[in-house]
Amino acid sequence: MFLPEVHAEPSIPVLRQLVRDNPLGILTTAIRSETAPFILSSHIPFILDVKDEGSDKELGVLRGHMARQNPQSKSLIAAAKASTASTPNVVEEEVLVLFTASAQHYVTPKFYTETKPASGKVVPTWNYAAVQAYGRAKIYWDHKADESVAFLSSQTAALSDHTETCVMGYTGTADRPKPWKVSDAPERFIELLQKGIIGIEIELDRLEGKFKMSQEMSVNDRQGVVEGFASLGTDVGHAVSKVVKERSDLKESRS
């Protein structure tokens, strides 16, 4: 990831939170195979586990699952079986998971209220926030193995709980609906579905992220961006405006 100092986010807890707020990651692998392309990517929702939430250094562990028939699953299974790593079923090649915040948008040069009138030396760009997570993946591919069954049962339950409560807001408190749980579905039905998926557990060794939110512009131009996005009158416009304002204020507090 290209990380200019003005955009780079050094706080590991902030990066972890972005992942949790935006759990749909893009898993990318580069594995030599005679039957599949070298580079493969899949959209997969992940749960991020952290032992010490108060730690500002712990990166955490990503847990996900994907369809067994996915070509990337087949590539990962073959690599896990062939691996000579000390831990069984750990793929030797590094994997990457990309998470992108929902607040992202094209930026028109018209928003730069200081520089555009003064010199016209402005061009369009795109504002976004993203995290790249790196590590090595352990693959739970044998649906008959107790370890795989336990992993998939735990992962699907944890992911459902996180997305139902944190993404949907179904907390069961006040006037909010109760969250759906895996146990709401017939047990035999879940068992059959789990045979069609594999589990992925990635112990992270690198976590990089950035908030590219107009920090490189002058304070007046940043204010123009804040007001410009707010004037769009859309949900995403207001969301991006809010983040640009937060990042602008943060830059000023650090200068």
Side-chain angles (χ1 to χ4, degrees), residues 1-4 6-28 41-50 53 59-66 95-111 124-135 155-156 158-171 176-177 179-180 200 202 204 206-217 222-251:
M1 175 179 280
F2 178 46
L3 291 170
V6 70
H7 298 140
E9 175 51 63
S11 171
I12 295 301
V14 170
L15 299 181
R16 295 196 309 243
Q17 191 59 49
L18 188 147
V19 170
R20 286 172 168 163
D21 290 342
N22 305 274
L24 183 63
I26 301 176
L27 171 67
T28 300
S41 292
S42 298
H43 286 80
I44 301 171
F46 283 92
I47 192 79
L48 175 63
D49 295 325
V50 177
E53 294 292 349
L59 307 184
V61 176
L62 289 172
R63 290 187 294 151
H65 67 268
M66 60 195 301
V95 303
L96 160 67
V97 187
L98 171 64
F99 298 91
T100 304
S102 57
Q104 49 91 13
H105 206 290
Y106 166 80
V107 185
T108 174
K110 293 182 178 182
F111 286 173
T125 189
W126 204 283
N127 278 0
Y128 65 93
V131 168
Q132 290 185 351
Y134 300 84
Q155 192 276 330
T156 52
L159 180 62
S160 295
D161 181 65
H162 175 71
T163 49
E164 286 284 316
T165 58
C166 298
V167 177
M168 297 301 297
Y170 292 167
T171 60
R176 300 303 297 159
W180 180 88
I200 304 166
I202 307 169
L204 301 180
R206 268 194 298 155
L207 201 61
E208 301 175 346
K210 66 196 294 185
F211 283 75
K212 183 184 173 297
M213 289 290 171
S214 303
Q215 301 100 310
E216 73 282 5
M217 306 303 294
R222 297 199 302 271
Q223 185 59 33
V225 174
V226 170
E227 295 174 359
F229 276 121
S231 71
L232 296 179
T234 62
D235 289 345
V236 67
H238 285 299
V240 176
S241 176
K242 180 175 181 289
V243 180
V244 173
K245 180 66 165 60
E246 291 172 348
R247 288 285 146 172
S248 179
D249 290 346
L250 182 60
K251 179 181 180 181

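Residue numbers start at 1 and run along the sequence shown.
For the pair Leu204 and Leu48, the minimum side-chain heavy-atom distance is below 4.5 Å. Side-chain contact between Gln104 and Asn127 is absent, with no heavy atoms from C-beta onward closer than 4.5 Å. Inter-residue side-chain proximity for Tyr128 and Val240 is flagged as unmet; no heavy-atom pair is nearer than 4.5 Å. In this structure the side chain of Ser102 never reaches within 4.5 angstrom of the side chain of Val236, judged on heavy atoms. Residues Asp249 and Lys245 form a side-chain contact, since some pair of their non-hydrogen atoms from C-beta on lies under 4.5 Å apart.
Around CZ of Phe2, the count of heavy atoms belonging to other residues, nucleotides or ligands within 6.0 Å does not exceed 12.
Scanning both residues, Pro23 and Val167, for their nearest heavy atoms gives CG-CG2, 4.3 Å. Pro179 approaches Thr171 most closely through the heavy-atom pair CD-C, 4.1 Å. Across every non-hydrogen atom of Val243 and Ala103, the tightest pair is CG2-CB, 4.3 Å. Smallest separation of non-hydrogen atoms from Leu98 and Thr100: CG-OG1, 4.1 Å. Considering all non-hydrogen atoms of both residues, Pro45 and Gln155 come closest at O-NE2, 4.4 Å. The shortest non-hydrogen separation linking Arg63 to Ala158 is NH2-CB, 3.6 Å.
At distances below 3.5 Å, not a single donor-acceptor pair connects side-chain atoms of Ser248 with backbone N or O atoms of Val244. Between the Thr163 side chain and the Leu159 main chain, a donor and an acceptor come within less than 3.5 Å of each other. Side-chain atoms of Lys210 never come within 3.5 Å of backbone atoms of Val131 as a donor-acceptor pair (strictly under, hydrogens ignored). Using modelled atom types, no side-chain atom of Glu208 and backbone atom of Gln132 make a donor-acceptor pair closer than 3.5 Å. With Thr108 contributing its side chain and Phe111 its backbone, the two residues share no donor-acceptor pair below 3.5 Å. Side-chain atoms of Arg176 do not come within 3.5 Å of backbone N or O of Tyr170 as any donor-acceptor pair. Side chain of Gln215 to backbone of His7: no donor-acceptor contact under 3.5 angstrom is found.
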Go through the steps for Ile202 and Val97 under the test side chain to side chain contact (heavy atoms under 4.5 Å, CB included), then give the verdict. CA-CA 9 Å; Ile202 307 169; Val97 187; 3.7 Å; yes
Steps toward salt bridge (Lys or Arg N to Asp or Glu O under 4.0 Å) verdict (Glu9, Lys212): CA-CA 10 Å; Glu9 175 51 63; Lys212 183 184 173 297; over 6 Å; no
Give the C-alpha distance, both sets of side-chain angles, the deciding distance and a yes or no for side chain to side chain contact (heavy atoms under 4.5 Å, CB included) between Leu15 and Phe99. CA-CA 10 Å; Leu15 299 181; Phe99 298 91; over 6 Å; no
Leu27 and Val95: side chain to side chain contact (heavy atoms under 4.5 Å, CB included), yes or no, with the steps? CA-CA 7 Å; Leu27 171 67; Val95 303; 4.1 Å; yes
Could you walk me through whether Leu59 and Ile12 pass the side chain to side chain contact (heavy atoms under 4.5 Å, CB included) check? CA-CA 7 Å; Leu59 307 184; Ile12 295 301; 3.8 Å; yes
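For the atom pair OG of Ser42 and CE of Met66, the computed distance is 3.5 Å after rounding to the nearest 0.5 Å. Rounding to the nearest 0.5 Å gives a distance of 5.5 Å between CD of Glu53 and CZ of Arg16. Atom NZ of Lys251 is separated from atom OG of Ser214 by 10.0 Å, given to the nearest 0.5 angstrom. Note that the NZ atom of Lys242 and the CZ atom of Arg247 stand 11.0 Å from one another [nearest 0.5 Å]. Here the CD1-CG distance, from Ile47 to Leu62, works out to 9.5 Å after rounding to the nearest 0.5 Å. To the nearest 0.5 Å, atoms OG1 (Thr125) and CD (Glu216) are separated by 6.5 Å.
Ring centroid separation for the pair Phe229 and His105 comes in under the 6.0 Å cut-off.
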